[in-house]
Amino acid sequence: MLEREVRLSISWSGLGREFKAALEVGCVAILVFLLPWPLAFRGLRFLTRYSLFQGREQERALGSLVIWRGASGPHSERLIALHRLTDIADFFLTLKYGRSWMKRYLHVSGDALPVPGELPAPMLVTFHYGQGFWALRYFCDHGYPIAWLHAPPPKVAPWGEKFVGWMGHRRISQVARLSGAPTIAVGGSIERMRRRLLAEGRAVMVMPDAPLQPGQSSLPVRLLGRDARLPAGAIGMASEAGVPVLIYTIVIDPCNGHRHMRLEGPFMGLDAQTLAQRLADHLQVALDSNPEAWHVWPWVSGFFPESGRQ
């Protein structure tokens, strides 16, 4: 009897998670498809008032923001939600709009993007920060089809995560369409990246701000004013092979919905540790400007192994 009650409780809990995830995505899709972007963005800002649209990791993200940065702004809770909802919206926006929308709402600063063919195929580095779909469209339109290195969602998601897993697969397909190249799933991925960069002469994109796993090789950096570590695989490969590295971040303006992308590089001839620190420095500048846009706050202690064990 007790076992049956437990199964029913799990089943109802999973159903609630499925419904909440589908409702959130459905509301965002309706706003995007029915309204012009300025009005749809106002709608997203309105949704952040309600806990239903603040995400399961909202409380952990806000807590980490306070712990690791010492304080949070008066609107941090809603800003965290806004960046996440806009990331969802970009999936639908890139289905609805194209180049003309991008020219109006995407603003690029920093170093100039090299002319395709001017340098060997680059490795582009970004972070789980802001909203990345339109950056992929921008690079593809400027002659850089990019293969994205990613962790795939599970083939069979557990009950309560099935809609999220289904959307994950749809997002990966959309990334491939926008970037103009097939994605690269992790698992032997460094060798596949090396082959694409050096043998095929085509660009790849990595996101090194994934918390370290036990036994994973890493490089020391300074981040958030502390000693931290970044995964070494892709960074070490780029340094060893002399691959040009372009760093970028893209984030939404929470006031008007415009995107701002900052480019840095290309970097060549740096040893792996120096390159890793350049990546950390770029991320630090982004965090100083819009800390709520970093989607990794709930797991940030994974970059600080010593702190994580305390």
Side-chain angles (χ1 to χ4, degrees), residues 12-59 61-62 75-107 128-138 140 148 150 153 157-179 183 250-261 290 292-295 298:
W12 279 108
S13 176
L15 180 62
R17 293 196 301 273
E18 298 282 4
F19 176 77
K20 182 178 179 180
L23 178 63
E24 180 180 67
V25 171
C27 289
V28 172
I30 289 170
L31 287 172
V32 169
F33 284 123
L34 295 186
L35 298 174
W37 174 239
L39 292 180
F41 184 64
R42 290 185 183 183
L44 295 181
R45 291 175 55 176
F46 179 78
L47 293 182
T48 64
R49 296 170 179 263
Y50 302 98
S51 60
L52 178 65
F53 298 97
Q54 293 184 351
R56 286 187 296 167
E57 302 295 340
Q58 177 88 8
E59 187 174 339
L62 193 62
H75 306 295
S76 290
E77 187 174 61
R78 291 186 61 187
L79 283 171
I80 292 171
L82 181 63
H83 286 292
R84 193 181 61 82
L85 290 176
T86 305
D87 186 56
I88 296 172
D90 273 4
F91 171 80
F92 301 107
L93 279 168
T94 50
L95 292 172
K96 180 180 179 181
Y97 296 113
R99 189 175 291 111
S100 60
W101 189 98
M102 184 174 65
K103 287 182 177 179
R104 181 176 181 181
Y105 289 103
L106 175 62
H107 312 280
H128 296 86
Y129 175 91
Q131 302 78 28
F133 278 95
W134 286 105
L136 298 174
R137 175 65 189 262
Y138 174 86
C140 188
W148 173 45
H150 69 95
W159 176 238
E161 303 288 339
K162 290 190 177 296
F163 181 81
V164 171
W166 180 82
M167 275 300 300
H169 286 291
R170 303 287 77 72
R171 286 173 64 90
I172 291 170
S173 297
Q174 180 70 342
V175 164
R177 185 184 73 83
L178 290 171
S179 60
T183 62
I250 180 169
V251 68
I252 198 164
D253 185 324
C255 296
N256 57 26
H258 286 239
R259 307 304 199 284
H260 295 271
M261 182 164 72
N290 291 281
E292 294 87 359
W294 200 26
H295 302 290

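Note that this is a predicted model, so its numbers are computed, not measured. One is the number of the first residue; the rest follow in order along the sequence.
Between Tyr105 atom OH and Trp134 atom CH2 the span is 11.0 Å, to the nearest 0.5 Å. Residue Arg259 holds its CZ atom at 6.5 Å from OG1 of Thr86, rounded to the nearest 0.5 Å. In this structure, His75 NE2 and Ile80 CD1 are separated by 13.5 Å, a value rounded to the nearest 0.5 Å. In this structure, Ser76 OG and Leu82 CG are separated by 12.0 Å, a value rounded to the nearest 0.5 Å. Rounding to the nearest 0.5 Å places OH of Tyr138 at 12.5 Å from CZ of Arg99. Distance check, rounded to the nearest 0.5 Å: OH of Tyr129 to NE2 of His83 gives 6.5 Å.
Taking every heavy atom of both residues into account, Leu47 and Cys27 meet most closely at CD1-CB, 4.5 Å. In terms of heavy-atom proximity, Ile250 sits nearest to Ala135 at CD1-N, 3.9 Å. Closest approach of Val32 to Ala89, counting heavy atoms only: CG2-CB, 3.8 Å. Residues Leu178 and Cys140 share a closest heavy-atom pair of O-CB, 3.3 Å. Between Arg171 and Ile88, the closest heavy-atom pair is NH1-CA, 4.0 Å.
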Given Leu79 and Asn290, is the side chain to side chain contact (heavy atoms under 4.5 Å, CB included) satisfied, shown in steps? CA-CA 9 Å; Leu79 283 171; Asn290 291 281; over 6 Å; no

**Request:** Evaluate side chain to side chain contact (heavy atoms under 4.5 Å, CB included) for Phe133 paired with Leu93, printing each intermediate quantity in order.
**Result:** CA-CA 9 Å; Phe133 278 95; Leu93 279 168; over 6 Å; no

(message) Would Phe53 and Leu44 count as a side chain to side chain contact (heavy atoms under 4.5 Å, CB included) here? Give the steps.
(response) CA-CA 9 Å; Phe53 298 97; Leu44 295 181; over 6 Å; no

Side chain to side chain donor-acceptor pair (under 3.5 Å) evaluation trace for Arg177 with Gln174
CA-CA 5 Å; Arg177 185 184 73 83; Gln174 180 70 342; 2.9 Å; yes

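Using a cutoff of 4.0 Å between basic side-chain nitrogens and carboxylate oxygens, Arg137 and Asp90 are not scored as salt-bridged.
Heavy-atom contacts from other residues, nucleotides or ligands closer than 6.0 Å to CZ of Phe33 number more than 12. Counting non-hydrogen atoms of neighbouring residues, nucleotides and ligands closer than 6.0 angstrom, the NZ atom of Lys96 exceeds 12 such neighbours. With a 6.0 Å radius and a threshold of 12 heavy atoms from other residues, nucleotides or ligands, Arg170 has its CZ atom above the threshold.
In terms of modelled atom types and a separation under 3.5 Å, the side chain of Arg45 and the main chain of Arg78 share no donor-acceptor contact. A donor-acceptor pair under 3.5 Å links the side-chain atoms of His295 to the main chain of Gly130, judged by distance alone.
Considering only heavy atoms from C-beta on, Leu136 stays 4.5 Å or farther from Thr94 through its side chain. Looking only at side-chain heavy atoms (C-beta outward), Glu24 and Leu52 stay at 4.5 Å or farther from each other. Side chains of Thr48 and Glu77 form no contact here, defined as non-hydrogen atoms less than 4.5 Å apart.
Using cut-offs of 30° and 60° on the angle between ring planes, the pair Phe41 and Trp37 is tilted.
Aromatic ring centres of His258 and His107 lie closer together than 6.0 Å.
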